[in-house]
Amino acid sequence: MKAIVIGAGLAGSEAAYQLAKRGVEVKLFEMRPVKLTPAHRTGNFAELVCSNSLKSKDIYNAHGLLKAELKRLDSLIMKAAEFAELPGGKALVVDREKFSGFITETLESFKNIEIVREEVQEIPEDEIVIVASGPLTSDPLAKSLQEILGVEYLSFFDALSPIVDAESLNFEKLYYKDRHGWDDSSYLNVPMNEEEYYRFYEALINAEVYMGHDFEKGEKAKYFEGCLPIEEMARRGPETLRYGPLRGSGLPDPRTGKEPFAVVQLRPENAEKTAFSLVGFQTQLKIPEQRRVFRMIPGLENAKFLRYGAVHRNTFIKAPAVMLPTLQTKVKENLFIAGQLVGTEGYVEAAMGGLVAGINAFLLLSGHEPVKFPIHTMIGALLDYIANSDPKHFQPMNANIGLFKEIPPKIKKKNRREFIVKRAQETLEEWIKQSKIF
Ligand SMILES: Cc1cc2nc3c(=O)[nH]c(=O)nc-3n(C[C@H](O)[C@H](O)[C@H](O)COP(=O)(O)OP(=O)(O)OC[C@H]3O[C@@H](n4cnc5c(N)ncnc54)[C@H](O)[C@@H]3O)c2cc1C
């Protein structure tokens, strides 16, 4: 049994693992480090290109539920996240190098995975192929996919937050506290008084913005609301940031006992706390402008930037027009697409696609029907959106409770979440028992 996986990101790494552990001979193509994407920096598999948070761990949150389902199905990405976990309060925050190092080493240790560091330019015809080349799929491969699927690509822009060196911060002005009181060592807070806040706000909205790479020119920027550039958010009104990422509620300054006018939160990038990212500070500002404006934040006057914010293209297909909920394409049953490219949004969601495509490619290889995950699970609800939503208005989607269907009207609003989560867990267990594939 043989399969090809294109791209060793979050989805491709998970897919390769699911295939290899079931005895399939896998050829895993990854173009890095020979050719980097505009956002990746290393040759490691499953590199996290922006935040080091995999979002909520709380089972009553859609992201937490998705993680629990993936863990139940033996996900490599979940194993790596547990191995590389850092203190992060409610969120599953990881040391990005440990995380991708674990995944790279695990896949390298499989004798039945052949790793090929090469850019794939054309999708192989007659083999079982999983395309997991992500939102920054290289141009020739995107073209090859377009030729097979016959649909137009869409694109919009995501933005990265800057990372600063801990040694360059003035800790006398900062304090540790978690807004929800889960773990007070997980966020470093920068209090701002009224004057400091408005001075920063004025500089931010008037700063010069970078207009994008050559490949992005001429395209209309369509932002994903969850990753809106900070200056774009600020332009919506002088108070928007104070009620958004810079809100002071739940973060009293221990020196005054009062909640500051505004607070910038810094999240540790590793267990040693040698680097911090500015929470919610995804940005399109030009690099010298980032230095000038972000150094106006108290305590960051001498900040050394380890990574600047940036914007990048995001490529995805019009999935409902061309995909089945098994993650097979409608035109070719042996061609699977997984990850951000198929229209899920987020790291864990990408891993979910890899897991499903890996299992289904194995089933196809072993002469069985690929499976459709039940729609009452978080995995099934997301796949239902991918395959069955309106193709005309299709946009990438992350895990969220709103995707669940068939909630009996008698369930009261306050009990909905509990009902959905309980039903999802019971449905998955029952389905695992019945399907006899795990
Ligand atoms: C700039 C940016 C920031 C993001 N920030 C976040 C965030 O903070 N949180 C979040 O949850 N999600 C974020 N996302 C969305 C998404 O979760 C990530 O992009 C995620 O990495 C998607 O996983 P993937 O496996 O689909 O793609 P990737 O992880 O990008 O993996 C695809 C792999 O395919 C390789 N590849 C591409 N073309 C070829 C080819 N022709 N041949 C061989 N290999 C190829 C690439 O090198 C890459 O390793 C962000 C996306 C972008 C673009």
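Numbering of residues begins at 1 and proceeds along the displayed sequence. Read the numbers this way: they start at 1 and go in the same order the structure lists the ligands and their atoms.
- Against a heavy-atom cut-off of under 4.0 Å, Gly339 is close to the following atoms of ligand 1: 26 (O).
- Checked for salt-bridge contact, Lys90 and Asp178 miss the test: no charged N lies under 4.0 Å from a carboxylate O.
- Two residues are said to be in side-chain contact when any heavy atoms from C-beta on lie closer than 4.5 Å; Leu66 and Met352 meet this criterion.
- Near Pro135, meaning under 4.0 Å from any of its heavy atoms, are these atoms of ligand 1: 19 (O), 27 (O), 30 (O), 53 (C).
- Counting heavy atoms only, Ser133 comes closest to atom 36 (N) of ligand 1 of the residues Gly9, Ala132, Ser133.
- Just one residue in the list Phe276, Phe294, Tyr308 forms a ring pair (Phe, Tyr, Trp, His ring centres under 6.0 Å) with Phe281, and that residue is Phe294.
- Using a 4.0 Å cut-off between a side-chain N of Lys or Arg and a carboxylate O of Asp or Glu, Arg72 and Glu69 do not qualify as a salt bridge.
- Looking only at atom types and distance, the side chain of Glu14 has a donor-acceptor partner in the side chain of Ser75 under 3.5 Å away.
- At a heavy-atom cutoff of 4.0 Å, ligand 1 is contacted by no atom of Lys35, backbone or side chain.
- In terms of N/O distances under 3.5 Å, ligand 1 is not approached by Glu119.
- Using a 4.0 Å cut-off to heavy atoms of Cys50, the atoms of ligand 1 that qualify are 3 (C), 4 (C), 5 (N), 6 (C), 7 (C), 8 (O).
- Every atom of ligand 1 with a heavy atom of Lys55 under 4.0 Å away is listed here by number and element: 11 (O).
- Judged by distance alone, the side chains of Thr283 and Glu231 do bring a donor and an acceptor atom under 3.5 Å apart.
- For Ser138, a nitrogen or oxygen atom sits less than 3.5 Å from a nitrogen or oxygen atom of ligand 1, counting backbone and side chain alike.
- Residue Val120 places at least one N or O, backbone or side chain, under 3.5 Å from an N or O of ligand 1.
- With 3.5 Å as the limit, one finds no donor-acceptor pair spanning the side chains of Ser144 and Glu122.
- With ligand atoms numbered from 1 in the order given, ligand 1 contributes 42 (N), 43 (C) to contacts under 4.0 Å with heavy atoms of Glu118.
- Not counting sequence neighbours, the partners of Arg235 by the salt bridge (charged side-chain N to carboxylate O under 4.0 Å, His left out) test are Glu232.
- The pair Lys35-Glu119 meets the salt-bridge criterion, since a charged nitrogen lies less than 4.0 angstrom from a carboxylate oxygen.
- Considering backbone and side-chain atoms together, Ser53 places no N or O closer than 3.5 Å to any N or O of ligand 1.
- Listed by number with element, the atoms of ligand 1 under 4.0 Å from a non-hydrogen atom of Gln340 are 15 (C), 16 (C), 17 (O), 22 (C), 26 (O).
- Set against the non-hydrogen atoms of Thr37, the atoms of ligand 1 under 4.0 Å away are 46 (C), 47 (O).
- Annotation: Met31 places an N or O atom under 3.5 Å from an N or O atom of ligand 1; distance criterion only.
- Considering both main-chain and side-chain atoms, Glu30 comes within under 3.5 Å of ligand 1 through a nitrogen or oxygen pair.
- Less than 4.0 angstrom separates some heavy atom of Leu10 from each of these atoms of ligand 1: 21 (O), 23 (O), 25 (O), 29 (O).
- In this structure, a donor-acceptor pair under 3.5 Å is absent between the side chains of Glu47 and Ser100.
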